[in-house]
Amino acid sequence: MAKSDRVNLAHTTVLLIDDQPTSLDMLGSIVQGFGCKEQIKCASAQAAVELLARRSVDLILIDCIMPDMDGYDFVRWLRRDAPAPTRYVPVIMILGHASQAKVHQGRDCGASFIVAKPLSPSLLLKRIIWLGGEDRDFVESEHYIGPDRRVHNYGPPPGTDGRRESDLTGDLGEAVEENMDQDEIDMLMKPMKVSL
């Protein structure tokens with residue numbers, strides 16, 4: 001992101017979910033520092049479920065480890081059982097210990113992004129900006145509902161058909177025109193002086 005780029009989060013509603021009051025206050029301060037004027041704090045995932053039944057939000061930041069309903073269960077509920085507009089809300093999960101298994105668990109439950117503690121405001125802002133500009137498809141299948149887990153779309157593996165409607169085949173068609181000869185290619189690559 002260039003220094004000249006501006007991000008306006010003043011009209012964004014952010015839902016913050018954490019059972020630790022200190023962490024919840026810290027998250028609130030970080031988000032307020034980004035210019036977000038409306039933030040809703042919930043001390044449990046169950047309270048967030050009840051809140052989302054009454055109103056909508058633009059972004060959810062949730063801690064993964066909580067008693068009763070943890071962050072993973074909340075995101076599974078959000079992606080599968082929440083009403084239609086709410087189920088597509090971007091979710092950033094915050095992990096205290098970012099082992100590969102926990103990151104995969106967060107990705108597989110439908111989180112948009114996973115960030116590890118200690119949380120730096122600059123990293124969190126970069127992730128929020130990335131989520132705002134992403135164009136990943138939302139996948140709904142029997143075993144997974146959430147944003148496409150492929151961050152970079154290189155297409156399906158060679159020799160296989162794609163599983164998504166947007167996947168392109170690797171097959172190339174025959175040429176529709178005669179190939180260029182070497183002189184024509186050289187002319188394209190060399191800067192030339194022209195008179196107008």
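Computed from a prediction, not measured in an experiment: that's the story for all the values here.
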>> Tell me whether the count of non-hydrogen atoms from other residues, nucleotides or ligands lying under 6.0 Å of CG in Asp186 goes above 12.
In response: yes
> If every non-hydrogen atom of Gly28 is compared with every non-hydrogen atom of Lys41, which pair is closest and at what distance?
Replying inline: CA-CE, 4.1 Å
> Would you call Asp19 and Ser44 a side-chain contact if the rule is heavy atoms closer than 4.5 Å?
Replying inline: no
> Judged by atom type as modelled, is there a donor-acceptor pair below 3.5 Å linking the side chain of Arg136 to the main-chain atoms of Pro147?
Replying inline: no
> Hey, what do you get for CZ (Phe34) to CD1 (Ile129), rounding to the nearest 0.5 Å?
Replying inline: 8.5 Å
>> Let me confirm one number: the CZ-CD1 distance from Phe74 to Ile17, rounded to the nearest 0.5 Å.
In response: 4.0 Å
>> Do Val31 and Ile94 land in one hydrophobic cluster if side-chain heavy atoms of ILVMFWY residues count as linked below 4.5 Å?
In response: yes
> Could you give the distance from OH (Tyr72) to CE (Met93), rounded to the nearest 0.5 Å?
Replying inline: 5.5 Å
>> Under 4.5 Å between side-chain heavy atoms, counting indirect links through other Ile/Leu/Val/Met/Phe/Trp/Tyr residues: same cluster for Met66 and Leu95 or not?
In response: yes
> Is there a side-chain contact between Thr13 and Val57, using heavy atoms and a 4.5 Å cut-off?
Replying inline: yes
> At what distance, to the nearest 0.5 angstrom, does CG of Leu61 lie from CD1 of Ile92?
Replying inline: 5.0 Å
> Is any side-chain heavy atom of Val103 less than 4.5 Å from a side-chain heavy atom of Gln100?
Replying inline: no
>> Strictly distance-based, threshold 3.5 Å: is any side-chain N or O of Glu50 a donor or acceptor partner for the main-chain N or O of Ala47?
In response: no
> What's the verdict on side chain to side chain contact (heavy atoms under 4.5 Å, CB included) for Leu78 and Leu52, showing C-alpha distance, side-chain angles and the deciding distance?
Replying inline: CA-CA 9 Å; Leu78 180 74; Leu52 289 173; 4.0 Å; yes
>> If you apply the rule side chain to side chain contact (heavy atoms under 4.5 Å, CB included), what do you find for Leu51 with Arg55, and how did you get there?
In response: CA-CA 6 Å; Leu51 177 103; Arg55 64 165 304 167; 4.1 Å; yes
> What is the minimum heavy-atom distance between Arg87 and Asp81, and which atoms define it?
Replying inline: NH2-N, 4.1 Å
> What pair of heavy atoms forms the shortest contact from Cys109 to Val75, and how long is it?
Replying inline: O-CG1, 3.5 Å
>> Is there a continuous path of hydrophobic side-chain contacts, each under 4.5 Å between heavy atoms, that joins Met26 to Ile128?
In response: yes
> Are Leu59 and Val115 connected in a single hydrophobic cluster, I mean Ile/Leu/Val/Met/Phe/Trp/Tyr linked by side-chain heavy atoms less than 4.5 Å apart?
Replying inline: yes
> When rounded to the nearest 0.5 angstrom, what distance separates CE in Met69 from CH2 in Trp77?
Replying inline: 7.0 Å
> What is the distance from atom CD of Glu38 to atom CG of Leu15, rounded to the nearest 0.5 Å?
Replying inline: 10.5 Å
> Can you list the residues that meet the side-chain hydrogen bond (donor to acceptor under 3.5 Å, both in side chains) rule with Asp63, with sequence neighbours excluded?
Replying inline: Lys117
>> Using the rule that Ile, Leu, Val, Met, Phe, Trp and Tyr join whenever any side-chain heavy atoms are under 4.5 Å apart, tell me whether Leu124 and Trp130 fall into a single cluster.
In response: yes
>> Show the nearest heavy-atom pair for residues Gln105 and Arg76, with the distance to one decimal.
In response: NE2-NH2, 3.9 Å
>> For a 4.5 angstrom cut-off between non-hydrogen side-chain atoms, does Asp58 reach Leu9?
In response: no
> Looking only at heavy atoms, which two atoms of Ser112 and Arg79 are closest? And how far apart?
Replying inline: OG-NH2, 3.4 Å
> Do the side chains of Asp70 and Asp73 get nearer than 4.5 Å, heavy atoms only?
Replying inline: yes
> Minimum heavy-atom separation for Val14 to Cys36, with atom names?
Replying inline: CG2-SG, 3.6 Å
